[in-house]
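Residues take their numbers from the sequence shown, with the count starting at 1. Each ligand, and each atom within it, is numbered from 1 in the order the structure gives.
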Amino acid sequence: MSELNLILLGPPGAGKGTQADRLREDFGLPHISAGDMLRAQVTDGTELGLKAKGYMDAGKLVPDEVIIGMIIDRVSGTDGRDGFLLDGFPRNEDQADALSEALKRLERRLTAVLLIEVPDEEIVRRLAGRRVCVKNPSHIYHVDFDPPKHEGVCDQDGARLEQRKDDTEETIRNRLAVYHEQTEPLVGYYERVGLLRRFDGQRSADEVHAHIRAALATLRLEENL
Ligand SMILES: [Zn+2]
């Protein structure tokens, strides 16, 4: 079986996490979320984690090579042997170059970059409508798509529902602006090298998942010809 070395790309709220969970179930690929990985290594006090912490404590950005070191450690471990699903990195072209170089040294390369596209207005609607239970954050509602029986009250425990700071329209628009400015150029970058595959994130999670599976099956067929 050929490797599946994948990157997930798309704006916040596009459903990348959902698709990552499904692909992990399908193919047993480790889901490497750059932000989670960084936080976990800092907490665990690994060598790279301590290095990262040094920069963070000094109020500096963690350098790309530290993050890439963490990714490469994970990818070269046993669970990353058949491939991986990387999310949240790279975020710009320099990081993409550095990642390709690091993979090349392992004699590996990316299989595909999966872009989940959703228009800004839809993202704002999805995220700004989210309401979370103050008592249990796993109780999540949406004012349009999944409203509680009584406005502002959790169906399960009667606690108050609130809009998280991250979910306000202003915060979402700021995150989208950062995405368009910094990360979107990666779409062209990966398109030029023939790795980009586009998916319509306005479809249901099931449909997006089916389309991704079909695209990966085609890629594998092409590789084995
Ligand atoms: Zn609740």
Side-chain angles (χ1 to χ4, degrees), residues 6-46 49 52-53 56 62 67 70 74 79 84-89 91 114-180 183 199-213:
L6 306 171
I7 289 179
L8 266 176
L9 213 57
K16 296 194 296 290
T18 306
Q19 296 304 325
D21 287 345
R22 303 224 180 160
L23 291 170
R24 194 178 49 196
E25 282 168 26
D26 290 342
F27 302 107
L29 302 176
H31 172 206
I32 307 176
S33 160
D36 292 348
M37 176 188 68
L38 178 61
R39 280 187 288 276
Q41 294 223 15
V42 169
T43 308
D44 295 348
T46 64
K53 192 173 182 297
M56 290 156 83
V62 179
I67 309 274
M70 291 178 181
R74 186 76 196 279
D79 71 335
F84 56 84
L85 193 60
L86 184 57
D87 173 10
F89 193 94
R91 286 192 191 271
L114 314 175
L115 171 66
I116 304 179
E117 297 180 291
V118 182
D120 283 8
E121 290 316 310
E122 171 70 16
I123 297 286
V124 170
R125 194 163 163 236
R126 283 183 188 182
L127 298 184
R130 202 150 64 173
R131 297 292 180 272
V132 182
C133 174
V134 294
K135 216 167 171 185
N136 184 335
S138 72
H139 301 159
I140 300 171
Y141 301 83
H142 191 285
V143 291
D144 297 323
F145 310 132
D146 185 19
K149 286 194 190 79
H150 304 284
E151 197 186 323
V153 180
C154 179
D155 288 349
Q156 297 185 62
D157 51 29
R160 189 169 54 82
L161 299 178
E162 66 172 7
Q163 183 182 42
R164 282 190 290 217
K165 270 210 185 86
D166 277 357
D167 292 341
T168 62
E169 179 164 348
E170 195 192 349
T171 310
I172 297 160
R173 293 213 183 265
N174 283 335
R175 286 167 70 198
L176 284 169
V178 171
Y179 172 78
H180 290 306
T183 308
F199 301 93
D200 179 359
Q202 283 184 283
R203 292 178 179 268
S204 71
D206 285 343
E207 284 176 292
V208 175
H209 175 231
H211 290 162
I212 291 176
R213 284 198 59 137

- Message: List the residues meeting side chain to side chain contact (heavy atoms under 4.5 Å, CB included) with Gln163, not counting sequence neighbours, and say none if there are none.
- Response: Ala128, Arg131, Asp167, Thr168

- Which angle, to the nearest 10 degrees, do you find at the Zn ion (ligand 1) between SG in Cys154 and SG in Cys133? 120°

- Task: State the atom name: nearest N, O or S atom of His139 to the Zn ion (ligand 1).
- Result: ND1

- Side chains of Met56 and Val42: does their closest heavy-atom pair fall under 4.5 Å? yes

- Message: Taking backbone and side chain together, does Asp157 place any N/O/S atom at a distance below 2.8 Å from the Zn ion (ligand 1)?
- Response: yes

- Between the main-chain N or O of Asp21 and the side-chain N or O of His31, is there a donor-acceptor pair closer than 3.5 Å? no

- Got a second to check how far Lys16's NZ is from Leu85's CG, nearest 0.5 Å? 11.0 Å

